[in-house]
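What you see is a predicted model; the values in this text were computed from it and never measured.
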Amino acid sequence: MRSPDPPPCPPLRPTGTTALVRVYGSDGCPVAWRVRVALLYKAAAPVHFTPSEAAPLGRPVLRLSASDPELCGTADELLRHVDARFEGKPLVTPPERPARVSAAAAAAEEVAELVRLQHRSAERHLEGVAAKVAEMVKKGAKKAGKGAKVVVVEGAEVRRLGKWYGDAMEVMLEHARMEETVLFPDIQRASFPGVLDKANEQHGRHLPMMNGIKEDIKTLLTLELGSSLFQEVLVNLSVRLKALQDHTKEHFKEEERELLPRLEGVRRMQREEGNVSDKSNTAWASEAMGTMEMTHSKLFPFFMTGLLPQEAMQYLDLVCRCTKNTRHLVSMLRSLAERLEDANPAIIHNNPTKLYEHLLVKSP
């Protein structure tokens, strides 16, 4: 049951009439950064963040408009104010979680949600890379008319493509390693003999495909732009990407259909064996998240741009509950906020596969 909304805090300072949402709080406060990120995903009004150590009880303060009172409270309380003030999706308040479920079921659902959202991000980034390559193939295939300038792919496009795919590959490899070390061994012991060998075989089958795509992109960087050989390698790259997309989607569907429903039984087995030292429901998801160091540090903004706004808010809720290191959590939230501030709100809401490309083009 939700707690009542917090009363307004006393004003910190006089405010003007500018139509801004204002957030005051310590630069090292994860709640202030979380509210700031939520407002950027909401994209309902411009956001202004003012570092302030004078917030009551050290908590951040939110002012939703010049005519609204200043509010303070927990993260969930402030996010509820945001949803109430700016209706429509994405909802930034964490969803209610069932109160009457076993600890094993709660822990299993956290991990399942983590895995599903990571799948969605990887799928969309592969989709974005494939769409970009298809666009480049089409551009390179155009025939110039008499006296017309030939349209060719630019070298900067190829370099940005290489970065995009390289980041996607790193996230996918970390995800696979997390499954192979944290999830599959215990799934195999609990209920699914051979699952680890099968997963290693599937992941091993994907690796040559992924490396082949990487080599094709490297080759493109060495060829003359617009040449027949350049176009041939580009077409081959498009075919490889389509195959990887198809294999990856089928692999993710199989995992979600056959393996994720077994997680509750796995967690019960772990508890019965005395292998669960931390009794909190988030401990298992925290362990899984902790094995994906690059995804949850340097590549965190990249990973998040593969999620729809509602999915992003769900993943942020997981991150905030599972990350015990406050400094690391603030660093993740800050890096995401700084990237979203560069984005067009319409792209954030409507097309995550275009969001990363949009930000990549704007990068120095």
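The shortest side-chain heavy-atom distance between V111 and R267 does not fall under the 4.5 Å cut-off. Counting heavy atoms from C-beta outward, R34 and L78 have side chains that stay 4.5 Å or more apart. Using a 4.5 Å cut-off on side-chain heavy atoms (C-beta onward), V158 and F230 make contact. For the pair Q118 and M292, the minimum side-chain heavy-atom distance is below 4.5 Å. Counting heavy atoms from C-beta outward, M136 and Q231 have side chains that stay 4.5 Å or more apart.
Within the structure, side-chain hydrogen bond (donor to acceptor under 3.5 Å, both in side chains) pairs that include any residue of residues 325-334 comprise D27-R334 (at least two apart or interchain). Residue pairs satisfying the salt bridge (Lys or Arg N to Asp or Glu O under 4.0 Å) criterion with at least one member in residues 182-191, sequence neighbours excluded, are listed as follows: D186-R189, R189-E273.
A donor-acceptor pair under 3.5 Å is absent between the side-chain atoms of E255 and the main chain of L260, judged by distance alone. Side-chain atoms of T222 come within 3.5 Å of backbone atoms of T219 as a donor-acceptor pair (strictly under, hydrogens ignored). Without hydrogens or angle criteria, T305 side chain to F302 main chain gives a donor-acceptor distance under 3.5 Å. Without hydrogens or angle criteria, K249 side chain to E123 main chain gives no donor-acceptor distance under 3.5 Å. Judged by distance alone, the side chain of R124 and the main-chain N or O of G306 form a donor-acceptor pair under 3.5 Å. A donor-acceptor contact shorter than 3.5 Å links the side chain of Q310 to the backbone of L91. Although no hydrogens or angles enter the test, the distance criterion places a donor-acceptor pair under 3.5 Å between the side chain of E174 and the main chain of M294. Side-chain N or O atoms of S227 include one that pairs as donor or acceptor with a backbone N or O of E224 at under 3.5 Å. At distances below 3.5 Å, not a single donor-acceptor pair connects side-chain atoms of E179 with backbone N or O atoms of A176.
Side-chain heavy atoms closer than 4.5 Å link hydrophobic residues (I, L, V, M, F, W, Y) into clusters, and following such links, possibly through other members, connects F86 to V35. Both L161 and L223 sit in one connected hydrophobic cluster of ILVMFWY residues. Membership requires side-chain heavy atoms under 4.5 Å apart, directly or through other members.
In terms of the side-chain contact (heavy atoms from CB on, under 4.5 Å) criterion, V239 has no residue partners (sequence neighbours excluded).
Going from atom CD of E215 over to atom CE of M210 covers 13.0 Å, rounded to the nearest 0.5 Å. Atom-to-atom distance recorded for L299:CG and E170:CD is 6.5 Å, nearest 0.5 angstrom. The line from CG of D216 to NZ of K218 is 11.5 Å long, rounded to the nearest 0.5 Å. Atom CG in L207 sits 10.0 Å away from atom NZ in K214 (nearest 0.5 Å). To the nearest 0.5 Å, atom OH of residue Y315 and atom CZ of residue F303 are 4.0 Å apart. Interatomic distance, M172 CE to S121 OG, rounded to the nearest 0.5 Å: 10.0 Å.
Pairing each heavy atom of R271 with each of A104, the nearest pair is NE-N, 4.3 Å. Here the closest heavy-atom approach between residue V61 and residue C72 is recorded as CG2-CB, 4.2 Å. When all heavy atoms of G162 and I217 are compared, the pair lying nearest together is CA-CG2, 3.6 Å. When every heavy atom of L333 is checked against every heavy atom of V37, the shortest pair comes out as O-CG2, 3.6 Å.
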Subject >> Stepwise side-chain contact (heavy atoms from CB on, under 4.5 Å) test for L183 and M178 >> reply: CA-CA 7 Å; L183 302 184; M178 177 275 290; 4.0 Å; yes
Subject >> CA sep, side-chain torsions, deciding dist, call: Q314, E113, side-chain contact (heavy atoms from CB on, under 4.5 Å) >> reply: CA-CA 9 Å; Q314 292 171 358; E113 184 178 10; 3.6 Å; yes
Subject >> Residue pair W284, L114: steps toward the side-chain contact (heavy atoms from CB on, under 4.5 Å) verdict >> reply: CA-CA 11 Å; W284 201 12; L114 180 83; over 6 Å; no
**OP:** Kindly indicate, with the supporting measurements, whether the criterion side-chain contact (heavy atoms from CB on, under 4.5 Å) is fulfilled by V21 and S65.
**Re:** CA-CA 5 Å; V21 176; S65 75; over 6 Å; no
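Salt bridge status for D83 with R80: absent, with no side-chain N to carboxylate O gap under 4.0 Å. We find that E135 and K138 are not joined by a salt bridge, their nearest charged nitrogen and carboxylate oxygen being 4.0 Å or further apart.
For E154, the CD atom counts as loosely surrounded, since its 6.0 Å shell holds 12 or fewer non-hydrogen atoms of other residues, nucleotides or ligands. Within a 6.0 Å radius of CD in E258, more than 12 heavy atoms belonging to other residues, nucleotides or ligands are found.
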